[in-house]
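Working notes for the structure below.
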Amino acid sequence: MAGVRSFFLFAAIALLFAGRYGDATAAARGYIKYKDPKAAVEERVEDLLTRMTLPEKLGQMCQVDRFNFSYPNPSIGQEIFTKYMIGSVLSNPYDTGASIAKRVELANTMQKLSLSTRLGIPLLYAIDAVHGHNTFINATIFPHNIGLGATRDPELVKKIGAITALEVRATGIAQAFAPCVAVCRDPRWGRCYESYSEDPKLVNLMTESIMDGLQGNAPYVADFKTKLAGCAKHFVGDGGTIDGINENNTVVDNATLFNVHMPPFELAVKKGIASIMASYSSLNGVKMHANRAMLTDYLKDTLKFQGFVISDWLGIDKITTPPRANYTYSIEASINAGIDMVMVPWEYKEFLEKLTNLVNGGYIPMSRIDDAVRRVLRVKFSLGLFENPFAEESSLATEFGSEEHREVAREAVRKSMVLLKNGKTDNDKIVPLPKKVKKIVVAGAHANNMGWQCGGFTLTWQGFNGTGENISRNKAMNLPTGKTRGTTILEGIMKTVDATTEVVYVEEPNQNTAKLHADAAYTIVVVGEAPYAESQGDSTTLNMAAPGPDTISHTCASGMKCVVVLVTGRPLMIEAYIDFIDAVAVAWLPGTEGQGVADVLFGDHPFTGTLPRTWMKSVVQLPMNVGDSAYDPLFPFGFGITN
């Protein structure tokens with residue numbers, strides 16, 4: 001018995017020794033839990049958080065423009081990572097990139113600098129990718145969200161999300177500021193084309209699908225090599241501002257807030273969205289960037305959102321009027337409200353200095369800082385950045401802008417096309433158009449302008465002029481010229497018609513056009529809006545861009561048999577023209593694959609798209625949405641002639 005007692009006493013001492021000194025022994029062997037890929041994410045997050053100094057924590061809460069590193073001198077820009085320990089960078093909407101190899105090299109150079117710091121926390125590189133990798137030359141550009149809403153095809157939208165993720169990942173970037181899940185309730189809003197629909201049910205359908213494509217069907221990120229960290233935006237109510245004015249005030253009761261504007265965000269949180277971007281707008285008079293009740297009490301505490309909340313570009317500056325009137329207050333108000341990462345993007349030194357003073361002064365509690373950093377780290381661990389921080393110029397590069405990807409974009413274009421009218425009577429339908437005739441006329445500047453058919457957020461923030469010429473309309477808008485791979489609507493038409501059919505392109509018809517081309521079998525008139533983004537797109541009239549009305553007058557109204565194709569991000573005022581137009585089709589903002597327009601015009605594929613939003617008769621009716629008691633549209637929500 002004495003021997004047995006001695007054995008158990010020895011065992012107990014051994015266990016006590018192991019429990020007391022086991023961690024120290026592991027540490028002596030170099031074990032660091034946050035670097036252990038087998039450890040649970042939450043354990044890794046907490047281990048790293050306990051090791052971080054205040055400057056290291058605050059650096060994780062700051063996102064800067066990558067041009068801070070590149071210009072004027074990369075050697076000076078290194079301090080962004082080595083001195084200020086910035087945790088995230090973004091490429092702005094004018095960062096169109098060079099070659100994929102150079103972009104990957106840039107991403108890896110910045111990442112090496114981040115990893116060279118004391119704790120080696122990897123960088124999170126982000127970009128706007130709202131309809132494909134839209135700021136990168138020769139990427140596959142898909143229809144804007146309003147067009148995808150018209151498809152009502154969740155599987156197609158999932159494919160688009162997956163392709164976008166692949167092409168963004170191919171250039172070394174790990175996060176996209178997408179999807180936009182706003183519910184646009186007034187087409188006068190300059191961002192309405194970023195919204196899938198006026199109907200939250202349709203927005204939810206598209207949101208679920210695009211998230212599965214971008215992030216994969218798993219919390220945060222399913223496959224860190226081919227998927228991205230997504231960002232649902234803009235929280236919350238940006239699509240419901242008074243008169244559709246961008247960044248304005250949304251005045252709603254709780255029923256409207258939680259039944260119309262909130263459902264897509266609730267779905268995104270449930271599916272594990274990595275981040276959510278706050279809206280520039282106000283909700284019932286409270287700036288969303290300073291709205292603790294929504295950002296913390298509801299989003300984080302009620303919905304249990306586990307990712308991080310990011311500001312919009314200079315978003316916290318706009319808490320005050322005028323912007324930056326009291327920057328210290330804006331920092332305090334936004335961080336205490338629940339903003340976890342601030343898109344500065346330039347004055348990061350001032351931001352970090354003031355944030356440090358606010359924390360040291362007790363105006364922002366350390367618990368709030370730890371919560372913010374914990375959320376950022378959680379996403380970085382879930383992305384696999386600690387194990388795979390570097391981008392690879394691999395097979396993804398060969399898929400970038402591939403024909404396979406463009407075929408999906410082309411499918412999206414044709415499925416988004418909505419036929420509003422086909423013939424002046426039921427007996428004289430004009431669509432599908434015959435391919436083999438003596439002569440056809442294609443009229444309108446939109447027919448042969450890649451930039452105009454892609455819309456805003458393409459190559460640059462406001463879009464670009466794709467003709468290669470600085471034509472008057474673009475000069476007035478200060479749109480840069482540009483070029484990216486794709487097919488214009490005119491090129492698609494010319495590829496589709498019979499080889500014996502003469503195609504005459506008239507960019508700006510005049511009073512002689514109808515007489516000069518009286519022998520044309522029909523005319524395809526392509527008109528609509530010029531590119532815009534955000535506030536620059538706000539409109540009180542919703543008129544088509546000049547010379548669109550004259551183009552219609554000199555063709556359709558002058559006796560030519562015509563089909564009007566509208567290139568637009570929203571419903572436009574067309575009732576005055578509808579009677580003398582034979583057929584009307586909406587192409588929305590189709591992106592680079594204009595061949596999809598010809599696919600349905602000439603009957604190679606049927607029209608299947610239906611309106612994702614109500615088409616008003618007059619702007620005085622707005623806002624007017626499906627379900628309203630006073631509902632008298634030109635074309636109702638869900639309308640579309642199919643064939």
Side-chain angles (χ1 to χ4, degrees), residues 61-71 80 86-96 124-131 133-136 168 173 175-182 189-191 193-194 229-239 241 245-248 274-282 287-291 295 308-325 327 330-331 333-335 337-352 354-355 376 456-463 531-538:
M61 297 173 64
C62 188
Q63 184 181 76
V64 304
D65 192 293
R66 76 113 175 143
F67 279 118
N68 287 285
F69 170 69
S70 303
Y71 302 102
I80 294 170
I86 300 298
S88 181
V89 298
L90 78 153
S91 282
N92 69 44
Y94 294 94
D95 191 7
T96 57
L124 179 62
Y125 192 3
I127 198 167
D128 259 319
V130 297
H131 62 137
H133 195 0
N134 47 267
T135 61
F136 206 93
V168 172
I173 299 171
Q175 183 184 28
F177 298 132
C180 178
V181 301
W189 185 37
R191 307 192 75 157
Y193 63 75
E194 297 181 59
C231 180
K233 63 184 187 181
H234 307 83
F235 189 80
V236 59
D238 55 337
T241 58
I245 299 172
N246 191 44
E247 303 182 14
N248 200 7
S275 61
I276 289 177
M277 184 180 292
S279 175
Y280 285 124
S281 59
S282 301
K287 287 281 189 179
M288 279 308 307
H289 276 75
N291 196 328
L295 295 177
F308 65 87
V309 177
I310 186 169
S311 81
D312 208 331
W313 178 280
L314 298 175
I316 71 167
D317 300 45
K318 297 183 179 183
I319 290 174
T320 59
T321 304
R324 288 183 69 91
Y327 193 45
S330 293
I331 296 172
S334 61
I335 301 301
I339 299 291
D340 302 309
M341 182 184 289
V342 178
M343 197 184 295
V344 177
W346 306 106
E347 303 299 332
Y348 59 91
K349 295 178 184 178
E350 179 187 6
F351 169 77
L352 290 173
K354 291 183 181 298
L355 180 55
V376 174
F457 289 104
T458 312
L459 298 193
T460 76
W461 176 39
Q462 293 295 320
Y532 56 81
E534 302 188 33
S535 297
Q536 284 81 342
D538 286 354

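Only heavy atoms go into these numbers, but all of them, side chains included; no hydrogens, no water, no symmetry mates.
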Mind listing the closest non-hydrogen atom pair of [X] and [Y] along with its distance?
X: Cys62; Y: Leu352; answer: CB-CD2, 4.3 Å
X: Ile339; Y: His289; answer: CG1-O, 3.7 Å
X: Ala182; Y: Trp189; answer: CB-CH2, 4.0 Å
X: Gly463; Y: Pro531; answer: CA-CB, 4.2 Å
X: Ser275; Y: Gln175; answer: OG-NE2, 2.8 Å
X: Ser281; Y: Thr241; answer: CB-CG2, 4.0 Å

How long is the span from the [atom1] atom in [X] to the [atom2] atom in [Y], to the nearest 0.5 Å?
X: Asp312; Y: Glu247; atom1: CG; atom2: CD; answer: 8.0 Å
X: Phe136; Y: Ile173; atom1: CZ; atom2: CD1; answer: 8.0 Å
X: Trp313; Y: Asp128; atom1: CH2; atom2: CG; answer: 9.5 Å
X: Asp238; Y: Asn248; atom1: CG; atom2: CG; answer: 12.0 Å
X: Leu314; Y: Ser330; atom1: CG; atom2: OG; answer: 11.0 Å
X: His131; Y: Glu194; atom1: NE2; atom2: CD; answer: 9.0 Å

Can you tell me if [X] uses its side chain to pair, donor with acceptor, with the backbone of [Y] under 3.5 Å?
X: Asn92; Y: Trp461; answer: no
X: Asp65; Y: Pro345; answer: no
X: Thr320; Y: Ala325; answer: yes
X: Tyr532; Y: Asp538; answer: no

- Partner set under ring pair (Phe, Tyr, Trp, His ring centres under 6.0 Å) for Phe235, not counting sequence neighbours: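 Partners of Phe235 under the ring pair (Phe, Tyr, Trp, His ring centres under 6.0 Å) test: Phe265.
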- Message: According to ring pair (Phe, Tyr, Trp, His ring centres under 6.0 Å), who are the partners of Tyr327, at least two apart in sequence or on a separate chain?
- Response: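 Partners of Tyr327 under the ring pair (Phe, Tyr, Trp, His ring centres under 6.0 Å) test: none.
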- Test log, rule side-chain contact (heavy atoms from CB on, under 4.5 Å), inputs Met343 and Ile310: CA-CA 7 Å; Met343 197 184 295; Ile310 186 169; 4.2 Å; yes
- Would you mind reporting whether Ile335 and Val342 have side-chain heavy atoms less than 4.5 Å apart?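 When only atoms from C-beta onward are counted, Ile335 and Val342 do touch, with a gap below 4.5 Å.
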- Within a strict 4.5 Å, meaning less than it, do heavy atoms of the Tyr125 and Ser91 side chains meet?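 Yes, close enough: below the 4.5 Å cut-off.
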- Message: Using side-chain contact (heavy atoms from CB on, under 4.5 Å), reason through His234 and Met288 one step at a time and then give a plain yes or no.
- Response: CA-CA 9 Å; His234 307 83; Met288 279 308 307; over 6 Å; no
- Query: Does the side-chain contact (heavy atoms from CB on, under 4.5 Å) test come out yes or no for Phe308 and Leu124, once each step is laid out?
  - Reply: CA-CA 12 Å; Phe308 65 87; Leu124 179 62; 3.9 Å; yes
- Item | Intermediate values then yes/no, side-chain contact (heavy atoms from CB on, under 4.5 Å), Ile127 and His133 | CA-CA 9 Å; Ile127 198 167; His133 195 0; 3.6 Å; yes
